[in-house]
Enquirer: 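The structure's right below; bear with me while I get my questions together.
Numbers restart at 1 for each chain; the letters A, B, ... are given by sequence-line order, proteins then strands.
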Amino acid sequence: MNEIPSRYNPKEVEEKWYKFWEENKLFSAKPTPNKKPFCIVIPPPNVTGILHMGHALNNFIQDILTRYQRMKGSEALWIPGTDHAGIATQNVVEKKLAKEGKKRQDLGRDEFLKEVWKWREEYGSTIIKQLKKLGASCDWERTRFTMDEGYSDAVLEVFIHLYNKGLIYRGKRIINWCPRCSTALSDEEAPYKELEGQLYYIRYPIKVTSHTLAGTGQSYPCGHRPVTRKKQKTINYVVVATTRPETMLGDTAVAVNPKDKRYKDLIGKTVILPLVEREIKIIADNFVDPKFGTGAVKVTPAHDPNDYQMGLRHNLEFINIMQVDGVLNSNAGEYDGMDRFEARQAIVNDLKERKLLEKIEPHMHSVGHCYRCSTVIEPYLSNQWFVKMKPLSKLALEAVKKGEIKFYPKRWTKVYLNWMENIQDWCISRQIWWGHRMPVYYCKNCYKPQASGSKLQTEKEKPAADKGIFVSKNKPEKCPDCGSSDIYQDEDVLDTWFSSWLWPFATFGWPFTSYKPQAASDKQKSLQQDELNYFYPTSVLVTAQEIIFFWVARMIMAGFEFMGKKPFSDVYIHGTVRDDTGKKMSKSLGNIIDPLEIINEFGSDALRFSIISLTSVGQDVFLSRNKFEYGRNFANKVWNASRYTIMNLKPEEINVDLCAYSKGISGLAEKWILSRFYSALDRIEKALKQYKINEAAKVMYEFFWHNFCDWYLEFSKLTLGRRQTQVVLYKVLEKSLRVMHPFLPHLTEEIWHNLPGTKSSIMTESWPHLQKQFISKTTDKQMQVLIDLISLIRNIRSEWHILEHAEIECIIKTTDKASKKLIQENDIYLKKLAKLGQIKIVEKAEDVSMCASGVAGKLDFYIPLEKLIDLTKEKERLSKQIQSFEAQFKALRERLKNKEFLKKAPNEVVEKEKIRLEELSKLIKRIGDNLKVLG
RNA sequence: GGGCUCAUAGCUCAGUUGGUUAGAGCGUUUCCUUGACAUGGAAGAGGCCGGAGGUUCGAGUCCUCCUGGGCCCACCA
């Protein structure tokens, strides 16, 4: 056994076991009668992604749950995979092309997609390989990708299903537009950030008619003050406030609140839109808040969602002034061709020049940003496809309300319900190339696209009313309306989340009509269906709070709509990984701690154990490099305790059934460690049931380190020859390893193989059964007395500077029979661990002067000091010490009263001195007490 | 504007349904390289549990308010 190194080397151990695990396919699962299914689907990481701490945390939680269930006897399946991340992947490949000086348009759609697939072949499995490094026990053979043929089939199936049900419609709407990615985004993909912007007050001249206030000389309310130009002529203005002055080019009205007295007379009048010289009306609309800005609003129906609604209400013109890339178009007149921000500046300058800019105020406001490239999004009017969400949300709401789906921690239920109750339609079309192309076809002959701008399709209009437009998985040969074969497909692709929301069932091959000839065979099909029936609904979904709306909520809706059942029973929302200053870890901030680097330095298990222990349910976790020492040290401790045990085991004595043998266990230490083990096991299982994984890890840590290693291993050294010590040592270690396995998979596997009497992999072993009969409060209490006694004696040793090797005598005073017996039976432990020479048990106190003393349980104890230390010398030493400390104390106190010192010394120094002062006063007190003992 | 969350040792955090003396890791002080382990062992020091009220025999824990961090949603001309 000497070949086991004294230091745990994670690298070696990990490499050894990855091979073993993969070769033996220990992570596969299939429908098994009489076995409880347990299934988790991985939140599919972005295919362009690189492993970060968030992934690590997420996967560790899932892996611990999966391994635990597997050991508990469930048929545990964990399905891995990646999503195609439409925009992100396209961006990556476009960047690559840009280096070669090419644009995707140069290649054309088909060639570009070939490039993307090439990229995905090369780099798409990076993240999967990295997940393996974490020790994730996924069924790797089932790795899915949202763009796989079978999976794509599910996406198209779903689109067609919803379209035929009237839940998908196309409409011209204001959507979030990213000018850089040149595509529409859903509301969830355009997070708002607070920005310091500016509020521009612009004068819109009122068209002069005989009824205007011009020249009347009356006082003017705020907002339309006269400005004198040249001498005689007075012009009136309406002043509007805006943060995006460039959108004025698309204004088609000015709106005021109908109740606003200031503007009462102006409603219905006409103003001249500056720079463009367009005549637009002043309208009244309740939307306008009289308190904001000037109480008058410019209305740009094509570039603002609220203005768009006003445009509909007042039948205004919709003027689009921008191209898809954020550059102004010909509707912008002389600003045609300018970028939106460039145009903003130009317009502001021009307005200044014409004295039409009243003022500029700083203004905090939230602006939407693209969640992929952080570009400021533009509210943009365009033709997009939407999913009606209200009908889908009904069952998804009920299921959570009824508790059929539970959130952990509970508080997320409210967040979910709130979002679901106010759900908005989902914009699912994206103007990019990489993704599932819309299964929508148009007939060139009979489909007539709507004229843009004038007439707008509303949600109420049924898409089916359109002639020459149809949905189909494959390109139809002929138009079902007119028979023409001149057919073309919609250019847009579907939102990536429109495929991810099917993940819990599409990963099983649903709807089982794959294009692949071999998979289409009946046998394969029914096999997959069996699997789906067996594993669906899945058990728990583990994910981060950021994607509750993106993904979790939508999966629940999809589950009910397409499977008629919830997709999972529990949703575990873990916190966000942050750096130690509380900032979210992100590449752009440069505060990333790379999990692979940590694995390299500390080991995968150390990373896992540390991060899991630091994360309490739903709470954000703050990481810094040194925190991983926690897990590393524990792993090393486990390694060494196992090493000691293995070195001292006699394999021939340990092969017994613990329950059957239990009558042979009489030693207090043995009974105690079993009691501690099983009560820890109980707490661990309770914690895991509630997903309190950090607590389970903590209980394990405390038991193993502070009970098993600190005490039992020390006790065992004295009785290694006894059979019961051999059995208990072995059984407790062996069971502990099994319990620790989900938390330290690599390490426990390696030890398992070195442990006598074990076979195969620890992964396929069962979780220890809770044997409550071993838990005994009496035993715990008795042992606590011994432990306290030993600790107190050690304390006295340390305080009186009694030499390590000096054997000391101890007088124990007690009238309690049980305590007496306890000491008599376990004096071997006391003698060895507290280094006692003689133990004298008495019922009445003898002369106990010159004794250090203490109390443990129902017994008092005394240590005569005379023989151990030179009392006069000690007295002298203590007296000297106390004098010196008192002098220091006085000096320090004076110093701290000194105003000069307080003024000039840095705060830290003053604080330190104060602490020192307190320390000194306590030291003085303690030495004084000791002097009293000496008389 | 609506909602959530946090405040406990110098630092990072645990603390179950209210219940004896509030815990851990790191750091720190003293001692120890003892045949499992210095990535370790032994013994210490260190806390008005953010503030103010209230409920209770009893509050770190429950309620109300306040202060100060962090987050989410909605609106934002």
Enquirer: From the options B:G41, B:A43, B:C37, select the nucleotide whose nearest atom is closest to the side chain of A:Ser791.
Expert: B:A43

Enquirer: Go through the side-chain N and O atoms of A:Asp788 and A:Gln784 and say whether any donor and acceptor fall under 3.5 Å apart.
Expert: yes

Enquirer: Enumerate, atom names and distances included, each donor-acceptor pair closer than 3.5 Å involving a side-chain atom of residues 191-200 of chain A, sequence neighbours excluded.
Expert:
unit_1: A:Glu194; atom_1: OE2; unit_2: A:Ser366; atom_2: OG; d: 2.8
unit_1: A:Gln198; atom_1: OE1; unit_2: A:Tyr200; atom_2: OH; d: 3.1

Enquirer: Under 4.0 Å from OP1 or OP2 of B:G41: is there any side-chain N or O of A:Lys637 that close?
Expert: yes

Enquirer: Rounding to the closest angstrom, what is the interatomic distance between B:G47 and B:A24 at atom C1'?
Expert: 14 Å

Enquirer: Go through the structure and list residues passing side-chain hydrogen bond (donor to acceptor under 3.5 Å, both in side chains) with A:Asp289, not counting sequence neighbours.
Expert: none

Enquirer: Expressed as a whole number of angstroms, how long is the span from A:Arg578:CZ to B:G69:P?
Expert: 16 Å

Enquirer: Any side-chain N or O of A:Trp800 less than 4.0 Å from the OP1 or OP2 oxygen of B:G44?
Expert: no

Enquirer: Could you check how far CG of A:Leu833 sits from P of B:A43, rounded to whole Å?
Expert: 11 Å

Enquirer: Which nucleotide, B:U5, B:A36, B:A43, lies nearest any side-chain atom of A:Ala641?
Expert: B:A36

Enquirer: Side chain of A:Glu702, heavy atoms from C-beta onward: which of B:A24, B:C37, B:C26 has the nearest atom to it?
Expert: B:A24

Enquirer: Suppose you measure atom C1' in B:U21 against the same atom in B:U67; what distance do you get, rounded to whole Å?
Expert: 32 Å

Enquirer: What interatomic distance, in whole Å, is found between P of B:C63 and the corresponding atom of B:U56?
Expert: 16 Å

Enquirer: Are A:Tyr204 and A:Tyr237 close enough that their ring centers fall under 6.0 Å?
Expert: no

Enquirer: For A:Asn418 and B:U5, give me the distance from atom CG to atom P, rounded to whole Å.
Expert: 14 Å

Enquirer: Could you check whether any side-chain N or O of A:Asn648 sits under 3.5 Å from a backbone N or O of A:Tyr644, counting only pairs where one atom can act as donor and the other as acceptor?
Expert: yes

Enquirer: Counting any heavy atom closer than 4.0 Å, what does A:Val288 reach on the DNA or RNA strands: base, sugar-phosphate only, or nothing?
Expert: base

Enquirer: Rounding to an integer number of angstrom, what distance separates B:C73 and B:C26 when you compare their C1' atoms?
Expert: 38 Å

Enquirer: Heavy atoms only, 4.0 Å cut-off, all strands: where does A:Glu188 land among base, sugar-phosphate and nothing?
Expert: nothing

Enquirer: Mind checking the C1' distance from B:G23 to B:G1? Whole angstroms is fine.
Expert: 41 Å

Enquirer: Can a side chain N or O of A:Asn633 be found less than 4.0 Å away from OP1 or OP2 on B:G40?
Expert: yes

Enquirer: Starting at the 5' end of RNA chain B, which residue's closest nucleotide do you reach first, A:His801 or A:Trp412?
Expert: A:Trp412

Enquirer: Would you confirm whether the ring centroid of A:Tyr8 sits within less than 6.0 angstrom of the ring centroid of A:Trp639?
Expert: yes

Enquirer: Rounding to a whole Å, what distance do you find between A:Met310:CE and B:C75:P?
Expert: 14 Å

Enquirer: May I ask you to verify if any side-chain N or O of A:His706 is less than 4.0 angstrom from the OP1 or OP2 atom of B:G25?
Expert: yes

Enquirer: Once you apply a heavy-atom cut-off of 4.0 Å, does A:Asp304 come out as touching a base, just sugar-phosphate, or nothing?
Expert: sugar-phosphate

Enquirer: Which ranges of RNA chain B pair up as stems, where a stem means three or more consecutive Watson-Crick or G-U pairs with both distances under 3.5 Å?
Expert: B:1-7 with B:67-73, B:10-13 with B:23-26, B:28-32 with B:40-44, B:50-54 with B:62-66

Enquirer: A:Lys281 and A:Thr252: side-chain hydrogen bond (donor to acceptor under 3.5 Å, both in side chains), yes or no, with the steps?
Expert: CA-CA 7 Å; A:Lys281 289 269 184 227; A:Thr252 51; over 6 Å; no

Enquirer: Taking the C1' atom of each, how far is B:C49 from B:G44, in whole Å?
Expert: 23 Å

Enquirer: Under the rule for side-chain hydrogen bond (donor to acceptor under 3.5 Å, both in side chains), what residues qualify as partners of A:Lys717, not counting sequence neighbours?
Expert: A:Glu714

Enquirer: Please confirm whether A:Tyr630 and A:Tyr701 have ring centers closer than 6.0 angstrom.
Expert: yes

Enquirer: Any side-chain donor paired with an acceptor under 3.5 Å for A:Ser613 and A:Asn694?
Expert: no

Enquirer: Just the table, please: protein N/O against nucleotides 12-21 of chain B N/O, every pair under 3.5 Å.
Expert:
unit_1: B:U12; atom_1: O2'; unit_2: A:Lys627; atom_2: NZ; d: 2.7
unit_1: B:A14; atom_1: OP1; unit_2: A:Ser616; atom_2: OG; d: 2.6

Enquirer: Can you see whether A:Tyr201 engages A:Glu361 through a side-chain donor-acceptor pair at a distance of less than 3.5 angstrom?
Expert: yes

Enquirer: Taking the six-membered ring where the residue is Trp, are the ring centres of A:Tyr308 and A:His314 under 6.0 Å apart?
Expert: no

Enquirer: Picking from B:C72, B:C37, B:G41, which would you name as closest to the side chain of A:Asn636?
Expert: B:C37

Enquirer: Measuring to OP1 and OP2 of B:U39, would you say a side-chain N or O of A:Arg632 lies under 4.0 angstrom away?
Expert: no

Enquirer: Grab the CG-P distance between A:Leu713 and B:A42 for me, whole Å please.
Expert: 12 Å

Enquirer: Select base, sugar-phosphate, or nothing to describe what A:Arg7 touches, counting heavy atoms under 4.0 Å on all strands.
Expert: base

Enquirer: Taking atom C1' in both B:G50 and B:G69, compute the distance separating them and give it to the nearest angstrom.
Expert: 11 Å

Enquirer: Starting from C1' on B:U29, measure out to CD on A:Glu799 and report it in whole angstrom.
Expert: 14 Å

Enquirer: In whole Å, what is the span from the CE atom of A:Met364 to the P atom of B:C75?
Expert: 18 Å

Enquirer: Only counting residues at least two apart or in another chain, list the ones meeting side-chain hydrogen bond (donor to acceptor under 3.5 Å, both in side chains) with A:Tyr371.
Expert: A:Glu189, A:Trp497

Enquirer: Considering only B:A36, B:A42, B:C37, which nucleotide approaches the side chain of A:Asp710 most closely?
Expert: B:A42

Enquirer: Taking for each residue the nucleotide of RNA chain B bearing the nearest heavy atom, is the 5' side occupied by A:Pro191 or by A:Asn640?
Expert: A:Asn640

Enquirer: Does A:Lys414 reach a base, just sugar-phosphate, or nothing at all? Heavy atoms under 4.0 Å.
Expert: sugar-phosphate

Enquirer: Counting heavy atoms from C-beta on, name the nucleotide in B:A43, B:C71, B:G41 closest to the side chain of A:Gln545.
Expert: B:C71

Enquirer: Using a heavy-atom cut-off of under 4.0 Å over every strand shown, decide if A:Lys717 touches base, sugar-phosphate, or nothing.
Expert: base

Enquirer: What is the distance, rounded to the nearest whole Å, between atom NZ of A:Lys410 and atom C1' of B:G3?
Expert: 17 Å

Enquirer: Quick one: label A:Tyr8 by what it contacts on the DNA or RNA (base, sugar-phosphate, nothing), any heavy atom closer than 4.0 Å.
Expert: nothing

Enquirer: If you only use heavy atoms from C-beta on, which nucleotide in B:C26, B:A36, B:C72 is closest to the side chain of A:Asn626?
Expert: B:C26

